[in-house]
Structures are given as structure tokens and as C-alpha cells.
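Report on the following structure.
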Amino acid sequence: MVSENPFGEFRRECEGALGYALEKVLPEIRVAALPLSKPPNIEFGQLASSLCFELAKKLNQKPQALAEQLVKAIDKVDFSLIAKVSSVGGYVNFHVDFAKFSALTLASIRQLGYGYGFLKTAKPLKVIIEHTSVNPLHPIHIGQARNPMLGDALARILQSRGHAVSKHYYIDDVGRQSSVIAYGYVKLGKPQPDEKADHFVGKIYTVTSCIVEINRLKKALVMAKAVGDMDEVARVNKELDDWVSIAAELKEKFPSIFDKLLAKISEDENPEEEINKLNRAYEKGEPAAKALIREVSELCLEGFRETQKRVEVFYDSWDWESDFVWSSQVSEVLQRLKASPFVFSEGGVLEFDAEKTARELQLKAKLGLSEAHEISPLTLVRADGTTLYTTRDVAYTLWKFSRSEKVINVIGMEQSLAQLQLKLLLYALGYGQYAENFVHFAYNLVTLPGYKMSSRRGRYITFDEVLDEAVERAYEEVSKRSPSLTEAEKRKIASFVGVGAVRYALVDVDASKPVVFTWDRVLNFETNSAPYVQYTHARACSILRKAEKQPETPAFELLSERLERELVLALAGFPEIFVEAADYLKPNLIADYVNALADKFNTFYNALPVLKAEPLGLSDARVVLTDAIHIVLHNALDLIGVVAPEKM
RNA sequence: GGGCCCGUAGCCUAGCACGGAUUAAGGUGUCGGCCUUCGGAGCCGGAGAUCUUGGGUUCAAAUCCCAACGGGCCCGCCA
């Protein structure tokens with residue numbers, strides 16, 4: 001017999017038994033659901049119900065007395081996996097028949113192999129996951145790296161759940177910043193990158209924007225002095241000081257680029273205006289501007305792709321924001337918005353009344369907002385007729401829904417308001433269905449302990465640096481532990497161990513929690529890390545290699561040690577954990593699960609022999625158990641994009 | 001001023017959506033053990049927690065509700 005969900009099998013039987021007993025003992029009672037949960041201790045069975053506590057109050061009886069009646073009413077003959085039912089302190093405890101359950105679980109895992117655990121949804125959907133979407137201005141930094149790690153894990157999980165997942169990267173190339181970098185790039189004479197392209201672009205961007213900013217502030221200072229606005233003078237001065245110190249920093253770090261850019265930019269009467277001009281030309285889609293900004297953006301994206309390849313994150317579609325502006329899609333959205341009762345014009349500026357939308361369409365409770373929550377209005381169109389980011393995002397979102405049924409945006413929680421406004425815009429346009437299938441997967445910030453990361457100021461630790469460091473550390477470890485390996489083998493192992501460690505560290509914490517970046521967190525190679533799980537997997541594989549022959553006569557009933565039973569239970573529970581991770585979008589559950597399983601296996605490994613166990617039937621059963629462990633570790637690691645190696 | 005997120009041993013985290021059991025679970029650090037056969041990136045043991053505080057709901061609260069405190073974020077004709 002084979003089951004896709006062994007523990008679910010047992011759960012169904014327990015539900016059946018409990019329902020049956022309730023019907024028999026208290027036919028007049030109706031309960032909404034039969035509560036069943038895992039007891040804190042294996043001694044109390046494998047599933048337990050606290051039903052009697054609820055009933056006790058209603059019926060004015062003692063929970064224990066009720067529990068005893070229910071237990072008595074259950075006829076075990078009708079069930080196959082339930083070995084014993086008992087009542088302890090008012091609980092009804094179900095004990096699994098381990099001989100049968102181990103056989104079922106282990107046979108199922110062997111049979112299903114690398115497909116085990118991935119229960120398919122009853123309602124497969126076309127899902128678009130947008131993630132990463134770092135602006136092509138500078139390298140991806142560690143604060144942003146949490147995004148692709150979460151996004152990619154989600155994509156893998158939902159795909160395994162049976163959804164048709166498409167991974168999208170939104171390239172935000174419409175906006176002043178893109179013109180800033182393009183402007184600097186031209187001033188330098190469109191140089192060939194002499195390093196990784198995104199790092200190169202990042203330098204130019206930071207230096208250019210710094211010089212332009214100082215230039216602007218100096219002019220503002222003259223103006224303020226002329227009008228005699230002393231408060232303004234003080235404010236501008238302070239900001240100027242700040243930027244001047246950044247300039248000093250940058251000049252020191254990148255002297256040649258800095259000097260060259262300073263000289264070239266100084267030739268321009270008004271760099272600010274040059275940049276704005278380029279920006280306007282780009283939005284209009286003028287060929288020269290188009291060619292230039294796309295060229296610089298592509299350069300940066302080329303660097304991103306290199307990094308993404310290292311961590312094995314790939315996209316199905318790269319969507320340019322500018323394409324939506326140049327096509328009629330944004331203006332069409334605008335036309336429809338203007339007709340909405342929730343959009344009004346004020347002095348030539350188009351505004352969206354998000355609060356009114358939520359109130360009149362009675363959405364607050366539905367969206368989990370308190371009635372007191374006042375939602376800020378949103379500007380859709382500037383006085384000069386140009387659109388804003390969220391306005392363009394509406395067109396993009398509609399486009400996404402034209403090719404999918406569900407949209408998941410992996411975007412930092414600091415954008416919660418904008419994402420809420422976007423959802424309300426969908427409602428306002430009459431796309432209630434879309435709005436309900438629009439998910440903002442918000443994650444909390446990654447911060448550095450010392451200072452605030454700022455990409456504008458060039459203050460960040462890049463994702464590449466973190467990966468380099470992790471792989472370097474892994475290389476030292478491998479060299480120390482396995483000196484006999486060839487150089488190529490060491491490099492290969494170091495790569496998947498280092499990358500795995502980083503991926504795991506960024507997925508392991510609940511997405512809603514803030515993370516303070518420390519090297520210790522990411523370079524952890526011990527318990528509760530990818531390397532630990534990878535090592536455990538390699539250990540299991542090593543036993544299987546040494547077993548040589550197939551286990552022909554496994555006697556599963558001999559797996560009677562507590563450790564063995566806990567392992568079987570953990571393995572049998574993987575499908576349910578997977579479903580929870582998929583349906584509630586919680587990739588960290590997978591990391592927690594895989595670590596706990598590795599933990600249990602290592603304890604088992606140290607306590608009990610596998611190959612030398614007596615009799616043969618036990619040894620064979622333990623080999624099958626080890627095989628099942630290796631399969632489930634592999635399957636779970638795969639969901640978070642971590643390689644499960646046979647050797648390391 | 002309004003709103004959102006976070007607050008669990010020295011440090012890092014799990015548990016909270018769906019309230020339940022003697023003893024709040026791991027890791028790290030710390031103290032002490034294990035060259036135990038199959039890989040020591042490992043294993044075993046000790047010490048370490050008024051689950052931020054105060055109220056409330058309940059037979060039962062880390063978990064639900066209210067308030068306060070501490071930290072972060074957002075409220076732009078930026079993206």
C-alpha cells in the first residue's frame with residue numbers, strides 16, 4: 001500500500017473514529033469541527049483531541065468522564081492505523097500502530113521518491129510571482145537579497161503544489177534615477193566595464209548622483225540667501241554638509257571616476273535640467289533616449305543575471321515598466337480611472353481617494369483593516385501630465401491578470417501602503433476578482449547593525465560580497481575536512497555549501513520579522529544551517545553507498561526505538577508541512593522542518609547502528625529508513641533552492 | 001497627528017493564523033563529557049525564560065481582545 005500523505009491517512013482515521021464515537025455517545029450534539037492536534041509528548045499518542053473540554057461545559061459533566069465514554073465507544077476493528085485509544089486527563093489520545101504505519105510511510109517514500117511530499121492542490125492556478133525587481137542602478141545589496149531568496153522559494157513551493165508558476169522581474173526604468181545613471185555614463189564616454197557590470201554601474205550612479213545633488217544644493221543655497229530665508233539656508237547647509245562628506249568618501253574610494261565625472265559635469269550649465277530632459281525624452285519614447293537608457297539598464301541587468309545564476313534563481317519574464325508607458329496601456333488605465341467616482345481632479349492633478357473607495361465599497365473589514373484606519377490618498381497624475389509609479393503599476397497589474405489568475409508581489413513591507421492603494425485601485429476600476437487574488441507578500445527589512453544602508457549614498461554590502469565570503473569560508477572548511485579531494489571538487493562543494501548557507505539564512509526567519517545582518521548569521525555552518533543539513537544528507541548517502549545491496553527483508557515492526565518512531569512520524573508529516581508552507585506562503589516552515597529532521601537523524605545516527613544492526617530484518621528496515629531520510633531531506637532542500645549533495 | 005510591522009534565556013530563533021496537557025522547544029555562547037562501529041560540519045549532559053508591562057475574555061492565554069511601553073517602517077506632484 002502506498003499513500004501520498006501517510007500522516008493524513010492516520011488523521012482521517014482518527015477523525016472518523018472520533019466522529020463515530022460522538023454520534024454514538026451524544027447523538028444530539030453537533031460540533032463545527034473535531035479538534036485534533038499533535039500532543040506535546042509521544043507518550044500521549046500521535047494525535048489527541050481536546051473536544052471533551054468544550055463539551056464538558058455545555059453538558060455540565062467532567063471532561064475525563066466524557067473522554068472515557070468516547071474511548072469506550074470506539075471500535076478499533078473498523079480502523080487500520082489506530083492501535084489504541086486512551087483517555088488521559090480529559091483528552092482522547094490516539095496511538096498509531098507503528099508496525100503498519102512505518103511500513104506504509106517508508107514504502108510510500110521509496111515508491112514516490114523525489115515526488116514524495118508534494119501533494120497537489122485541488123485547484124491549480126496560473127500564478128505570477130513578481131520578485132526581486134531591484135532597480136538597475138547599482139548591485140543587489142544584502143538588504144535586497146532577502147527578496148529573491150523568499151520569492152524563489154515561494155515559486156518552487158507553489159510549483160510543486162501543482163500551480164503553474166511564472167516568475168517575473170519588473171524593471172523599473174522609468175524615473176529620474178535611470179536618467180541620472182545614463183547621464184553619468186555618457187559623461188564618461190560610455191566606457192566598457194572593467195569589472196562586474198552592475199558594480200561598475202553602481203559606482204557611476206553613486207558618484208554622478210552625489211555630484212549632481214551637491215550642484216543642486218549649492219544653487220538652492222544661493223536662492224535661499226537671496227530671499228533671506230534663514231531657516232531654509234540652515235536646512236540646505238546641513239544637507240549640503242552631509243553630501244560633501246559623502247563626496248569625500250567617494251573621491252577616496254573611486255578617485256579616477258570621481259575626478260573625471262566632476263570635470264565633465266562641471267561643463268554643464270545645468271546638469272539637473274539635462275537629466276530631466278533625458279527623463280522626459282525617455283518617457284516619450286524618443287529613439288536616442290530609448291537606446292541610451294536601455295543600454296545602461298541592460299548593462300546592469302547583465303550583472304544581476306550573473307549573480308542570480310550563482311544562486312540558481314531564474315525568471316520567466318523580464319517586464320520593462322517603460323513598455324507600459326510607451327504602449328497605450330497606461331493611458332487606457334488613466335481614461336478608465338478618470339471615469340471612476342473615486343478619482344477627482346484638483347488643480348490639474350489627478351487624485352485617488354482610497355479612503356472613500358474602502359468605505360463605500362465596504363472593504364475595510366474584508367481587507368483586515370480597522371474602521372478607524374484612514375487610508376491616505378494617492379496622486380495619479382502630476383500637474384505636468386506625467387504619471388506616477390503606482391499609476392503605471394495598475395497597468396502592469398492588469399497585464400499580469402490577463403495572463404494569470406493570481407498575482408503575488410514579493411515586495412518589502414515599507415511599500416504596504418502603496419500596495420494597498422494599488423489593490424483599492426483595482427476595486428475602484430471594478431476588478432474585484434483581481435483585487436481578491438492580488439497578494440502583497442510583505443517581508444521585513446534587513447538592516448546592518450552599524451549604519452543605515454543607502455544605495456543612493458553607496459553605502460551597502462553587496463549580495464556578491466556576501467556570496468564570495470560564504471564560498472571562501474566554505475572552501476576553507478572543505479579543505480580542512482577533506483584535504484584529499486581535488487581542487488575542482490573542493491571548489492564545487494564550496495560553492496553549493498556557501499550559496500546554500502546564504503539562501504538558508506535568508507529564508508529561515510519568518511518573513512514578517514526584521515533581520516539584522518551579521519556575518520555570523522549567514523556564515524553559520526553548524527546546526528540550523530544549510531551546511532548542517534547538507535552534511536546530514538551526505539552522511540545518509542554514505543551509509544546507503546556502503547549498504548551496497550538492496551534491503552530485501554525489512555522488518556518494519558522492529559523499528560521500535562523511540563528515535564526510530566519519531567523519525568517515521570517526522571517523515572510521514574512532511575506532506576502536511578509542505579501544504580501548510582504552500583497555502584500560507586511560509587517558506588520558513590520548510591527550513592525549520594528540514595533542520596528538525598536532520599537533527600533527529602543525527603541523534604539516531606549516533607545512537608543506533610544501521611548496517612551492523614541485528615537481525616538482518618532490523619538492519620534492512622534501518623537502511624530503508626535512512627533511504628527515506630535522504631529522499632525527504634533532498635525534497636525539502638530542493639524547495640528552498642539548496643543542493644542536497646551525496647558527498648561534501 | 002494617523003496607520004502598519006516587530007518585542008520569547010546574554011545573543012539568535014520556533015511556537016501565535018486554528019487557545020489546551022507533566023516540564024514554553026531549538027540553536028549560539030557558557031560549564032562538563034564522547035577519537036561510539038556506518039563521515040566529529042557530529043553526539044550526550046548541566047546551568048540559563050516573571051513569553052515587554054498592565055488589564056480583560058475563557059474551564060484553559062506565549063497564542064484572542066483592550067491599553068501602555070520599547071524598536072523599525074509608511075503617510076511625496078519619489079520609486
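FYI, side chains are in, hydrogens and waters are out, and symmetry mates aren't considered; it's all heavy atoms of this structure. The sequence lines fix the lettering, A, B, ..., with proteins before strands; numbering per chain opens at 1.
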With a 4.0 Å cut-off on heavy atoms, is Pro39(A) in touch with a base, just the backbone sugar-phosphate, or nothing at all? base
I need the CD-C1' distance between Gln415(A) and rC5(B), as an integer number of Å. 15 Å
Glu374(A) atom CD is separated from rG2(B) atom P, nearest whole Å, by 11 Å
Report the nucleotide, chosen from rG15(B), rU13(B), rA21(B), that has the shortest atom-to-atom distance to any side-chain atom of Asn93(A). rA21(B)
In whole Å, what separates the P atom of rA60(B) from that of rU13(B)? 33 Å
Using a heavy-atom cut-off of under 4.0 Å over every strand shown, decide if Glu580(A) touches base, sugar-phosphate, or nothing. base
Categorize Val174(A) for me: base, sugar-phosphate, or nothing, with a 4.0 angstrom heavy-atom threshold over every strand shown. sugar-phosphate
Measuring only the C1' atom in each nucleotide, how far is rG7(B) from rU37(B)? A whole number of Å is fine. 48 Å
Nucleotide-level pairing of RNA chain B, given in dot-bracket where Watson-Crick and G-U pairs need both distances under 3.5 Å and | marks other strands: (((((((..((((......[....)))).(((((.......))))).....(((((..]....))))))))))))....
Choose from rC77(B), rA21(B), rC18(B) the nucleotide whose nearest atom is closest to any side-chain atom of Phe44(A). rA21(B)
Whole Å only: how far is the NZ atom of Lys57(A) from the P atom of rG19(B)? 17 Å
With rounding to whole Å, what would you report as the distance between rU53(B) and rA62(B) at their C1' atoms? 14 Å
Tell me which nucleotide among rA14(B), rA79(B), rC77(B) gets nearest to the side chain of Asp592(A). rA14(B)
Between NZ of Lys38(A) and P of rA14(B) the distance, given in whole Å, is 19 Å
Ionic contact status for Arg11(A) with Glu15(A), cut-off 4.0 Å: no
Do you see a donor-acceptor pair shorter than 3.5 Å between the side chains of Thr536(A) and Asn602(A)? yes
Result for salt bridge (Lys or Arg N to Asp or Glu O under 4.0 Å) between Lys364(A) and one of Glu355(A), Glu371(A), Glu374(A) points to Glu355(A)
Using only side-chain N and O atoms of Arg392(A), determine if any of them is under 4.0 Å from OP1 or OP2 of rC78(B). no
Which nucleotide wins on minimum distance to the side chain of Lys513(A), given the candidates rU22(B), rU58(B), rG7(B)? rG7(B)
Of the candidates rA14(B), rA21(B), rC5(B), the side chain of Ser512(A) sits closest to rC5(B)
Spatial distance of atom CD1 (Ile590(A)) from atom CD1 (Ile157(A)) [nearest 0.5 Å]: 5.0 Å
Integer angstrom distance from the P of rA9(B) to that of rU52(B): 7 Å
Side chain of Ser370(A) only, heavy atoms from C-beta on: which candidate in rC4(B), rC6(B), rC78(B) is closest? rC4(B)
So, Gln421(A) versus Thr390(A): side-chain donor-acceptor pair below 3.5 Å or not? no
Without hydrogens or angle criteria, can the side chains of Tyr170(A) and Asp393(A) be said to hold a donor-acceptor pair below 3.5 Å? no
Looking only at non-hydrogen atoms, find the nearest pair between Cys52(A) and Leu70(A) and report the distance. SG-CD1, 3.7 Å
Using the side-chain heavy atoms of Val509(A), tell me which of these nucleotides is nearest: rU13(B), rA79(B), rC59(B). rU13(B)
Name the nucleic acid region contacted by Leu388(A), choosing base, sugar-phosphate or nothing; use a 4.0 angstrom heavy-atom cut-off, strictly under. sugar-phosphate
For the C1' atoms, the ones on rA67(B) and on rG42(B), what distance do you get once it is rounded to whole angstrom? 49 Å
Ignoring hydrogens and angles, state whether a donor on the side chain of His138(A) or Thr206(A) is under 3.5 Å from an acceptor on the partner side chain. no
How far does the P atom of rG72(B) sit from the matching atom of rU22(B), given to the nearest Å? 38 Å
Below the 4.0 Å mark, does rC43(B) have OP1 or OP2 next to a side-chain nitrogen or oxygen of Tyr532(A)? yes
Please tell me whether Ser322(A) and Asp173(A) have a donor and an acceptor in their side chains that are separated by less than 3.5 angstrom. yes
If you look at every strand shown and take non-hydrogen atoms under 4.0 Å, does Asp520(A) touch a base, only sugar-phosphate, or nothing? nothing
Check whether any side-chain N or O of Arg521(A) sits under 4.0 Å from OP1 or OP2 of rU13(B), and answer yes or no. yes
Answer with yes or no whether the side chains of Asp319(A) and His168(A) bring together a donor and an acceptor at under 3.5 Å. yes
Under 3.5 Å, is there a donor on one side chain and an acceptor on the other for Glu526(A) and Ser529(A)? no
Would you indicate what Ala442(A) reaches in the nucleic acid, counting non-hydrogen atoms under 4.0 angstrom: base, sugar-phosphate, or nothing? nothing
Between Glu346(A) and Leu589(A), which has a closest nucleotide on RNA chain B that is more 5'? Leu589(A)
For Gln419(A) and rC74(B), give me the distance from atom CD to atom P, rounded to whole Å. 15 Å
Would you mind telling me which of rC75(B), rA21(B), rA79(B) lies closest to the side-chain atoms of Val88(A)? rA21(B)
First locate atom CD of Glu273(A), then atom CG of Asn279(A), and finally report the distance between them rounded to the nearest 0.5 Å. 10.5 Å
Have Asp599(A) and Tyr532(A) got a donor and an acceptor in their side chains that come within less than 3.5 Å? yes
Rounded to whole angstroms, how far apart are CD1 on Ile42(A) and P on rU22(B)? 18 Å
Side chain of Glu414(A) - closest among rA21(B), rA79(B), rC73(B): rC73(B)
Spacing between Asn276(A) atom CG and rC77(B) atom P, to the nearest angstrom: 17 Å
Ring of Phe525(A), cation from Arg473(A) - is the NZ or CZ under 6.0 Å from the centre and inside 45° of the axis? yes
Pick the P atom in rA68(B) and in rA49(B), then give their distance to the nearest Å. 31 Å
Rounding to the closest angstrom, what is the interatomic distance between rC31(B) and rA21(B) at atom C1'? 33 Å
Protein proximity profile, nucleotides 25-39 of chain B - base contact B, sugar-phosphate-only contact S, no contact -, cut-off 4.0 Å on heavy atoms: --SS-------BSBB
Please tell me whether Ser512(A) and Asp510(A) have a donor and an acceptor in their side chains that are separated by less than 3.5 angstrom. yes
Under 4.0 Å protein heavy-atom contacts per nucleotide of nucleotides 60-72 of chain B, with B for base, S for backbone only and - for none: ------------B
Which nucleotide in rC78(B), rG42(B), rG15(B) has an atom nearest any side-chain atom of Asn602(A): rG42(B)
Distance check needed: rA21(B) P versus Gln64(A) CD, whole Å only. 16 Å
